[in-house]
Structure formats: structure tokens, C-alpha cells
Amino acid sequence: MSTHKEVKRVTTHTLLEMKQHGEKISMLTAYDYSMATIVDQAGMDVILVGDSASNVMAGHETTLPITLDQMIYHASSVIRAVKRSLVVVDLPFGTYQGDSKEALRSAIRIMKESEAHSVKLEGGREVLESVNRILSAGIPVMGHLGLTPQSIYKFGTYTVRAKEEEEAKRLMEDAKLLEEAGCFAIVVEKVPARLAEKVAKSVNIPVIGIGAGAGVDGQVLVMHDMLGINKEFSPRFLRRYHNLYDEIKGSFERYIEDVKNVDFPNESEQY
Ligand code: KIV
């Protein structure tokens, strides 16, 4: 008798069914093989290879500098680890805005070279042509509205978006446009909880929130933030599940001490 257990993969259809059944969707970022292995085996529904890699992996101040080649490198590392989760990869800044043919080429490169399952891009009506062209090639697209970090120099700050009626109305309309275009889900970042809930109720596709309250269909966080690797970043919406910065630093300090004191390696740790 085979002991091999078939793993049921999460697909875009699974997410739709989860919304229909009222089951919340869990989503977390990952950027490398080792961490993606743990995230996948923990049972995460969606892994986002976010362009937040630009911040947490490469140390840039914003998400703008990361390149398509770098995103493909991160995505292919994640994909090699994943057996169950749906993997979404961010199209980086400058690879899809303004030119829908370039958007399609960028999305195809991600799908072909990393073997990821879908792409995400930021914006509503202004990127609709790109969304449509990517979808026409059979590539699943996740939208991203509200605080879209690739537009940080337009916004000027990372504060809550769509507090005013006009921006809230535009966001509702954009969500509808993305749904009608055929996006399989939308991330809504840092908007009032009541608005996010209204958006989630107004569309049939899952709305996944970050800093958008509990009335949406799922939640996403950046791994380094929720593990407490980033000490400085502590927005109100963030729940820290660990204080890894201090724990890891403590391990490094103990190792240095052991090496200096010739306490490591001991008899049983040598040949
Ligand atoms: O890049 C990223 O990590 C993201 C999340 C904040 C949703 O887009």
C-alpha cells in the first residue's frame, strides 16, 4: 500500500469557493526557498512573492528599485519549495504601467522563468489595459488597491488611503472594474475597515486585506514584519507573532562568545 499522500493544491478556484463558503483566506509573503518551505507546510493558502523584497531582502527604502530579474529569482526559489499554496508574484514597478504589451511580456517572463501560478499588479482603471492583456494570455491576475506602495512618491506618505468620499468611491469603482476584467482576487491595503468590508461585499471575488480590518475575505502580512525581524516597522495594523530580531541576535551573540572562549566546537562536535 502506498503511503504517498496527495497534496491538494490551492488554486484561484479554491479561493473563490472559500469566499463563497465564508472561509477566510490566509496569505503571507515569502522570498526564498527555506522560508517558503515552512510557510507552505504550515498550510498557508497563498504565498505572495511581494516586491516588498525590495525592502526586507535588499534593504531599499521603497519597492521601486527591485527589477523583474530579481523578482523572478525570488519567485523561482519560492516555487521550488511549494507543494500546496497558490503562489502570486508581484510585477515590479516599471514593468507594466503605460504599455500593456510590455506588461504581458513581463507577466509571461514571470510565469515561464519562475513557474509561478499568477501575478499581482497595483492600480485600478489606469492599469486596466495591462490587466486585460495579461488575462487574455491565460495568466491569473490579482489586483491591488488602496495604499499602493509603488506610487509612494505620488502619495507622499504611507498613511491610510481613501478616507475621503471621492477616493473611497473611486476605489469601489476600481474593484468592480478589476472584477469585471476577470481578476481572481484583490488586495486592499491600508484603508478604513468599513470601506474594505463594503468593497468585499460588493464584488464576488475575494478581497484580501492588509491594514483593512476583519470584514474582508482574507488577510496578508509581510513575513519579516509578523515575525518581528523588522524592529522599526510597527504600524497599528501589524500583529507580531514573534520577536525574531532579538532571538536571532541573541543566537549570534552566543555563537561569537562560544567561538571566542573556545567553547565551540567541543569534543562531540569534532572528528
Ligand atoms: O509586496 C508586498 O509585500 C505586498 C503586500 C504588502 C500586500 O504587496
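Remember, predicted model here, so these are calculated numbers, not experimental data. Start at 1 and go down the list; that is how both ligands and their atoms are numbered.
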Taking C-beta and beyond as the side chain, do L121 and H144 meet within less than 4.5 Å on heavy atoms?
->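 Not touching, per the 4.5 Å side-chain cut-off.
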Within a strict 4.5 Å, meaning less than it, do heavy atoms of the F184 and S118 side chains meet?
->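 Result yes, sub-4.5 Å side-chain heavy-atom pair found.
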With heavy atoms of [X] as the reference, note each atom of ligand 1 found under 4.0 Å away.
{"X": "D90", "result": "1 (O), 2 (C), 8 (O)"}
{"X": "T29", "result": "3 (O)"}
{"X": "V222", "result": "3 (O)"}
{"X": "H144", "result": "8 (O)"}
{"X": "G50", "result": "1 (O), 2 (C), 3 (O)"}

So which heavy atom on V191 is nearest to which on L171, and how close?
->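 Heavy-atom minimum between the residues: CG1-CD1, 3.9 Å.
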Do you know which two heavy atoms are closest between I229 and Y245, and how far apart they sit?
->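 Looks like O-CD1, 3.5 Å.
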Kindly determine whether N55 and E61 satisfy side-chain hydrogen bond (donor to acceptor under 3.5 Å, both in side chains), including the steps that lead there.
-> CA-CA 6 Å; N55 309 108; E61 208 175 302; over 6 Å; no
Considering heavy atoms of the protein only, find what lies nearest to atom 2 (C) of ligand 1 and give residue, atom and distance to 0.1 Å.
->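 For atom 2 (C) of ligand 1, the nearest protein heavy atom is S52 OG, 3.3 Å.
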Of E126, Q150, E102, the residue whose pairing with Q97 passes side-chain hydrogen bond (donor to acceptor under 3.5 Å, both in side chains) |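 The single option meeting the side-chain hydrogen bond (donor to acceptor under 3.5 Å, both in side chains) with Q97 is Q150.
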Euclidean distance, R9 CZ relative to T14 OG1, rounded to 0.5 Å |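 Rounded to the nearest 0.5 Å, the OG1-CZ separation comes to 11.0 Å.
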Select the closest option to atom 6 (C) of ligand 1 among V88, L28, I210, judged by heavy-atom distance.
->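 Closest candidate by heavy-atom distance is I210.
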State whether the side chain of S54 and the backbone N or O of T62 hold a donor-acceptor pair below 3.5 Å, judged by distance alone.
->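 Yes; at least one donor-acceptor contact below 3.5 Å.
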L48 and ligand 1 - part of the residue with a heavy-atom distance under 4.0 Å =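 L48 to ligand 1: side-chain contact only, backbone stays beyond 4.0 Å.
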Going by heavy atoms, is K120 under 4.0 Å from ligand 1?
->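 Per 4.0 Å heavy-atom rule, K120 contacts ligand 1.
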Close approach of M27 to ligand 1, heavy atoms, under 4.0 angstrom =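 So M27 does not count as touching ligand 1.
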N/O separation below 3.5 Å, D51 to ligand 1 =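 Yes; the residue has a nitrogen or oxygen that sits under 3.5 Å from a nitrogen or oxygen of the ligand.
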